[in-house]
Number of protein chains: 4
Amino acid sequence: MTISSPRQKRDPEETRKRILNSAKKEFALKGLAGARVDTIADRAKANKRMIYHYFGNKEELFQKVIEEAYLDIRSAEKKLNIVQLEPIEAIETLVRFSWDYYLKNPEFLALVNSENLHRARHLKKAQKIIEVHEGFVLMMKEILNRGVKLGIFRDNIDPVQLVITIASISYYYQTNRHTGSIIFQRDLMSPEAQAERLDFNIDTILRLVCS
Amino acid sequence: MTISSPRQKRDPEETRKRILNSAKKEFALKGLAGARVDTIADRAKANKRMIYHYFGNKEELFQKVIEEAYLDIRSAEKKLNIVQLEPIEAIETLVRFSWDYYLKNPEFLALVNSENLHRARHLKKAQKIIEVHEGFVLMMKEILNRGVKLGIFRDNIDPVQLVITIASISYYYQTNRHTGSIIFQRDLMSPEAQAERLDFNIDTILRLVCS
Amino acid sequence: MTISSPRQKRDPEETRKRILNSAKKEFALKGLAGARVDTIADRAKANKRMIYHYFGNKEELFQKVIEEAYLDIRSAEKKLNIVQLEPIEAIETLVRFSWDYYLKNPEFLALVNSENLHRARHLKKAQKIIEVHEGFVLMMKEILNRGVKLGIFRDNIDPVQLVITIASISYYYQTNRHTGSIIFQRDLMSPEAQAERLDFNIDTILRLVCS
Amino acid sequence: MTISSPRQKRDPEETRKRILNSAKKEFALKGLAGARVDTIADRAKANKRMIYHYFGNKEELFQKVIEEAYLDIRSAEKKLNIVQLEPIEAIETLVRFSWDYYLKNPEFLALVNSENLHRARHLKKAQKIIEVHEGFVLMMKEILNRGVKLGIFRDNIDPVQLVITIASISYYYQTNRHTGSIIFQRDLMSPEAQAERLDFNIDTILRLVCS
DNA sequence: CATGAATGAGAATTCATTCAT
DNA sequence: TATGAATGAATTCTCATTCAT
């Protein structure tokens, strides 16, 4: 039996992933300026030098984190197979998904806020992101069309406005949960409050699309 | 006769205000961690030392900025005299106000995001804010009641959920304008896009409240 | 009586000068890449931060050092009032000056070498340097002209080539004194060796210019 | 059948040479402190580990480069077979050689400058170098003697001073070509300027040695 | 012999804050 | 009240070198 070495196993892909995960947390928690490279390295149990080796510098690491975040949410949503659902069910599923995804991935909200603080200068460089989202809007358009044909949805709803609205009502509630809980003097994130809000959101969107 | 001093005029209140304004811009632009005390002082044409004199330190300055921001939006909204309007008109006015205020005060959005990144720890200390917002929810409740009595509004709408929803659909659109413009491949802030969104928002809310 | 404060006296001009002097030594000793900002600050008994405050960064500090070095040698040479001397005396004085200046300012040699390693990219930015040297070449031209008129100098000597040659024979000897002492197995910088070389140099140049 | 390896061919001597060449370039370009081990390895298309395997460390590699450089210049000069030439032709050939060698091997100049910055501490360890140069001075002595006997050279010229002077006037011109071109506001390395300087140098040396 | 991931020491630079005037 | 020089603690980033495979 030998004493285990303190050195990291030589698994570059693993190391890369650990750094990326650690960075996601740190950037979400502190923003780009507030995040500490040291903290990222420590949490990743990686040598700080590796961050520069794999990602160039702090800003490029942030960019990679942003890219991955946007790819992940679309990839999760694709798994829902929404196209196979009835129009109303499809819409409701999307509202639920939006709520649940933000709930399970609160870093996503923080990262998007950070990226907007930086005027989306990192996202601009990510071609893949644009392509992935075109499909998303088309899918929404298709759902709306089907609903209109079935006589259950209103005509002439802009799919982009709808997509934005669905995101808004979950996003805002959750991203502003701290200031909101103070201003409204209630715990916006208690299980009951959560359930209530999700229902309210589904209602809001269905009233918006149904004829 | 004395030689005129190159120093700043000794108007303490003025200096304080200039610092506060400069800080608001800088914090909105860069967040708490990214903001630079030097930049704030320079833009305020004040000596850096004055910041510490008047506000203690960077973080307390941030807190003051946050407080002022929340007081300002409610003070602006109060000037609308919404209680005197018809229920539908009142609601529409609030939706418009929400949109316009964010448009004219984009720093507000950035500051609120920053404050939530910091888990509202600065806002927690501001007693005044809580009081001011209680009034706001009560006013919304009163509008809803009147609408219900007139038979034009649905019953049992939670004024807090409504207030949050009204804010959401304007806030999200504007705070995420940079990432949104990339993802949806359109300029979300062109005059036409703005008009379209405001209409959509009014529609969304009216469908939500009207019976 | 009070205990003297460990803090530096608040004399900005003094601080600047101390940094510049310290930097000159360090850059001459180690080159741009080998020099340490910490060492410069320590030797200047200044806070490292002051280097960035006064000079921007390491490279800009280097640039300032180079500029000053070139200005200093010309300023020293101007004090010789060479134009008032007889042609032969003038030439001999210049050869002596060249030798002595390098001897008393060995950093100059090292700095010029460093700057050439960096392809003169710092000197390029210094307009003053060019102006100062134009005057130098003109002065040499005037000396040569007078010598020709008096029938003691050869005609058609390019003043620039002469200036370069005068510098060469002192510069090379001194800047390569370490490798030279090894290769030639003698101490090139012993007092006797120095005197011998200076005589040799004067002889070399007079044979070159005299008819 | 085996799958061909992507590795470098296992030719140790070749690898060593590639590293040495790459190092020469890098050290000449950046100096000892500024040179990067990574860059040397990359340019040599060798693994960084090989540098340590063959040369120990960065400094020992530098030492080897310096040694080789000094051996090369003397070896090139020996090929001239100067001893077989007439005294004047011999001297002129040496002046030309000095000029041409520096021109074709600009790294030599930079390396010598670097080594002097480091007070020749690497050269000191190279016994071979000393031996080789003893021969060089003896050869110069012999040429001078022959010239004196033929009545064409002056008596009592120190061969070491002459050797140094011949090197000086080419070396200085070329090593300071960047700062020189700025200071004198002319391109010192244009073909015309080069030809002119070489002629000037030959003239300078012949006037020095001829009686 | 060859590879390239990993490391730790250190270097440049930044920044909020304090102090002498 | 006002100024701006000075400070020290971080923070990002770099680099020669070593180790597992």
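Naming convention: chains lettered A, B, ... in sequence-line order (proteins, then strands); numbering from 1 in each chain. Computed from a predicted model, the values in this text were never measured in an experiment. Side chains are part of it too, since the values below use all heavy atoms of this structure and drop only hydrogens, waters and symmetry mates.
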Atom-to-atom span, [atom1] of [X] to [atom2] of [N] - whole angstrom:
X      : N       : atom1 : atom2 : answer
R16(C) : dA5(F)  : CZ    : P     : 12 Å
Y52(C) : dT7(F)  : OH    : P     : 16 Å
K48(D) : dT3(E)  : NZ    : C1'   : 11 Å
I51(A) : dA5(E)  : CD1   : P     : 16 Å
K58(B) : dT17(E) : NZ    : C1'   : 12 Å
N57(A) : dT13(E) : CG    : C1'   : 15 Å
R18(D) : dC1(E)  : CZ    : C1'   : 13 Å
H53(A) : dT17(F) : NE2   : P     : 18 Å

Practice prompt. May I ask which nucleotide in the shown strands pairs with dT21(F), Watson-Crick or G-U wobble, both distances under 3.5 Å?
Written response: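 Check on dT21(F): paired to dA2(E), both distances under 3.5 Å.
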Worksheet entry | Under 3.5 Å on both distances, the Watson-Crick or G-U partner of dT13(E) |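 By the stated definition (distances under 3.5 Å), dA10(F) pairs with dT13(E).
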Discussion item. Students often get this wrong, so: under 4.0 angstrom with heavy atoms, is A35(C) touching a base, only sugar-phosphate, or nothing?
Written reply: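 Touches sugar-phosphate only.
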Worksheet item: For D38(A), which contact category applies under a 4.0 Å heavy-atom criterion: base, sugar-phosphate, or nothing?
Response: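 Base, at least one base heavy atom under 4.0 Å.
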Quick check on [N]: is either OP1 or OP2 less than 4.0 Å from any side-chain nitrogen or oxygen of [X]?
X      : N       : answer
R49(B) : dA2(F)  : no
Y54(A) : dA6(E)  : yes
R36(C) : dG10(E) : no

Practice prompt. Taking only the side-chain heavy atoms of T15(C) (C-beta and beyond), determine which of dT13(E), dT3(E), dA6(F) contains the nearest atom.
Written response: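 Minimum distance to the T15(C) side chain belongs to dA6(F).
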Worksheet entry | Selected nucleotide, minimal atom distance to N47(C) side chain, candidates dT12(F), dA16(F), dT7(F) |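 Of the candidates, dT7(F) comes closest.
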Discussion item. Does anything in residues 51-60 of chain B form a salt bridge (charged side-chain N to carboxylate O under 4.0 Å, His left out)? List the pairs, not counting sequence neighbours.
Written reply: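 Output for this query lists E59(B)-R121(B).
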Worksheet entry | Pair F62(C) and F55(C), ring centroids less than 6.0 Å apart |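 F62(C) vs F55(C): aromatic centres not under 6.0 Å.
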Worksheet item: Of M50(C) and G34(D), whose nearest nucleotide on DNA chain F comes first from the 5' end?
Response: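 Going by which nucleotide is closer to the 5' end, it is M50(C).
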Worksheet item: Salt bridge or not for E67(A) and K128(A), using N-O below 4.0 Å?
Response: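 K128(A) and E67(A): not salt-bridged.
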Worksheet item: Any luck finding a side-chain donor-acceptor pair between N113(D) and T175(C) under 3.5 Å?
Response: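 Judged by distance alone, the side chains do not pair up.
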Discussion item. Any non-hydrogen side-chain atom of I66(B) less than 4.5 Å from a side-chain atom of T179(A)?
Written reply: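 Counting from C-beta outward, I66(B) and T179(A) never come under 4.5 Å.
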